[in-house]
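Single-structure report; data block below.
Note on naming: letters A, B, ... go to the chains in the order of the sequence lines (proteins, then strands), and numbering restarts at 1 for each one.
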Amino acid sequence: MPELPEVEVVRAGLAPAVTGSLIAGVSVFDDRALTRHPAGAADFVTRLEGRRIDTASRRGKFLWLPLARTEGDDAALVAHLGMSGQMLLRAPDAGAERHERLRLHLHHPVHGELAVVFSDQRTFGSLAVDRLVPDGPTIVPTQVLHIARDPIDPFFDDLAFVDAVRRRSSAVKRVLLDQTVVSGIGNIYADEALWASRIHPETPASRLSAASVRRLLLEVRAVLAKALAEGGTSFDAQYVNVNGQAGYFAHSLNAYGRGGQPCPRCGGPILREAFMNRSSHYCPRCQRRR
DNA sequence: GGGGGTTCCTGTACGC
DNA sequence: TGCGTACAGGAACCCC
């Protein structure tokens with residue numbers, strides 16, 4: 001399930017291959033890959049073919065490839081991987097991937113012909129061509145404007161975050177998953193950061209002290225940084241880097257996916273509970289409900 | 001506009 | 001073996 005570290009691994013993997021590349025062709029095999037692009041597949045293809053890619057950018061779990069500027073048009077190819085989306089770098093004549101939805105045929109000035117394959121089992125991921133607009137000191141696609149900066153963004157405002165969290169009455173885990181408060185955190189890293197901070201996931205955010213929220217933010221950053229260093233979290237074939245390789249962070253998880261197993265800190269059993277149509281994993285001994 | 005629940009989707013695991 | 005069902009969850013959407 002791609003969260004910030006996984007998307008960043010994909011962005012970093014794509015960057016050297018796509019930067020400066022010309023989009024020679026676009027093949028759309030499944031329109032569901034374009035639910036973010038309401039104008040449809042033909043329009044999507046027209047807007048991309050013949051354009052050059054400038055770089056690879058990211059905010060939270062959104063990834064985008066800004067296109068070299070043409071007159072009156074500042075656009076980017078936006079991608080959200082959803083739960084199972086993959087961006088794979090392949091040779092131009094590579095056979096179809098199992099859940100291939102879309103393929104970009106690129107020409108790189110140094111590396112020559114290559115393909116970027118968007119493959120997605122559960123079809124929650126999707127792509128679009130979107131207009132780029134300024135957002136403070138940065139430029140983002142309009143579809144990303146409502147998303148808050150992520151905790152490793154140099155312009156992330158720690159004080160505003162602490163304030164925003166403490167204004168919410170919802171469970172703190174729900175607030176961590178709210179991409180308009182802080183982006184990039186999904187179920188895995190929310191559980192891990194709460195475990196590291198010894199905070200019960202159902203604690204109303206407004207009940208946390210400013211110091212607790214600051215500590216939580218530190219733990220969020222620590223868990224994201226460690227996952228990034230280990231290439232992201234892979235449980236099955238649903239998350240891989242651009243070369244199809246899995247990440248190693250699943251071996252470092254303390255709470256997520258460890259229901260019934262001993263807490264690495266106190267030895268008590270990790271509890272798995274239903275939460276927001278998904279699961280929460282926490283240690284009821286270390287993370288007391290207040 | 002905050003809050004909380006529902007929906008979209010497919011492959012896998014599991015019970016009967 | 002075959003069928004039905006639960007489960008995984010990011011983000012948009014809905015109603016209160």
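Here B/dG11 presents its C1' atom at 5 Å from CD of A/Gln121, a figure rounded to the nearest Å. Distance, A/Leu177 CG to B/dG5 P: 14 Å, rounded to whole Å. Straight-line distance from the CG atom of A/Asp191 to the P atom of C/dG10: 10 Å, rounded to whole Å. One can place CZ of A/Arg278 at 14 Å from P of C/dC7, the figure rounded to the nearest angstrom. Atom P of nucleotide B/dG11 and atom CD of A/Gln86 are separated by 13 Å, given to the nearest angstrom. When rounded to the nearest whole Å, the span between NE2 of A/His146 and C1' of C/dA11 equals 7 Å. We find that NE2 of A/His80 is positioned 7 Å from P of C/dA12, with the value rounded to whole Å. Across the protein-nucleic acid pair, A/Ile185 atom CD1 and C/dA11 atom C1' stand 15 Å apart, rounded to whole Å.
When each of A/Arg32 and A/Ala171 is assigned the nucleotide of DNA chain B with its nearest heavy atom, A/Ala171 is the one assigned upstream, toward the 5' end.
No side-chain donor from either of A/Glu273 and A/Ser279 sits under 3.5 Å from a side-chain acceptor of the other. A/Ser126 and A/Thr35 form a side-chain donor-acceptor contact under 3.5 Å, judged by distance and modelled atom types alone. The closest side-chain donor-acceptor pair between A/Thr138 and A/Arg149 falls under 3.5 angstrom. Under the 3.5 Å distance criterion, with hydrogens and angles disregarded, no donor-acceptor pair is assigned to the side chains of A/His99 and A/Asp120.
With a 3.5 Å ceiling on both atom-pair distances, the Watson-Crick or G-U wobble partner of B/dG11 is C/dC7.
An OP1 or OP2 oxygen of B/dG2 is reached within less than 4.0 angstrom by no side-chain nitrogen or oxygen of A/Arg167. The phosphate of C/dC7 (OP1 or OP2) has no side-chain N or O of A/Ser279 nearer than 4.0 angstrom. For the OP1/OP2 pair of B/dG3 and a distance below 4.0 Å, the side-chain nitrogens and oxygens of A/Ser169 include at least one atom meeting the criterion.
Across all strands shown, A/Thr35 has no heavy atoms under 4.0 Å from either base or sugar-phosphate atoms.
Considering A/Arg214, A/Arg221, A/Arg215 in turn, A/Arg221 is the only one that fulfils the salt bridge (charged side-chain N to carboxylate O under 4.0 Å, His left out) rule with A/Asp158.
Side-chain to base pairing of A/Arg174 with B/dG4: one donor and one acceptor N or O lie within less than 3.5 Å of each other. Put simply, the side chain of A/Arg122 and the base of C/dG10 share no donor and acceptor less than 3.5 Å apart.
Closest contact between the side chain of A/Arg98 and the listed nucleotides B/dG3, B/dT12, C/dA11 involves B/dT12.
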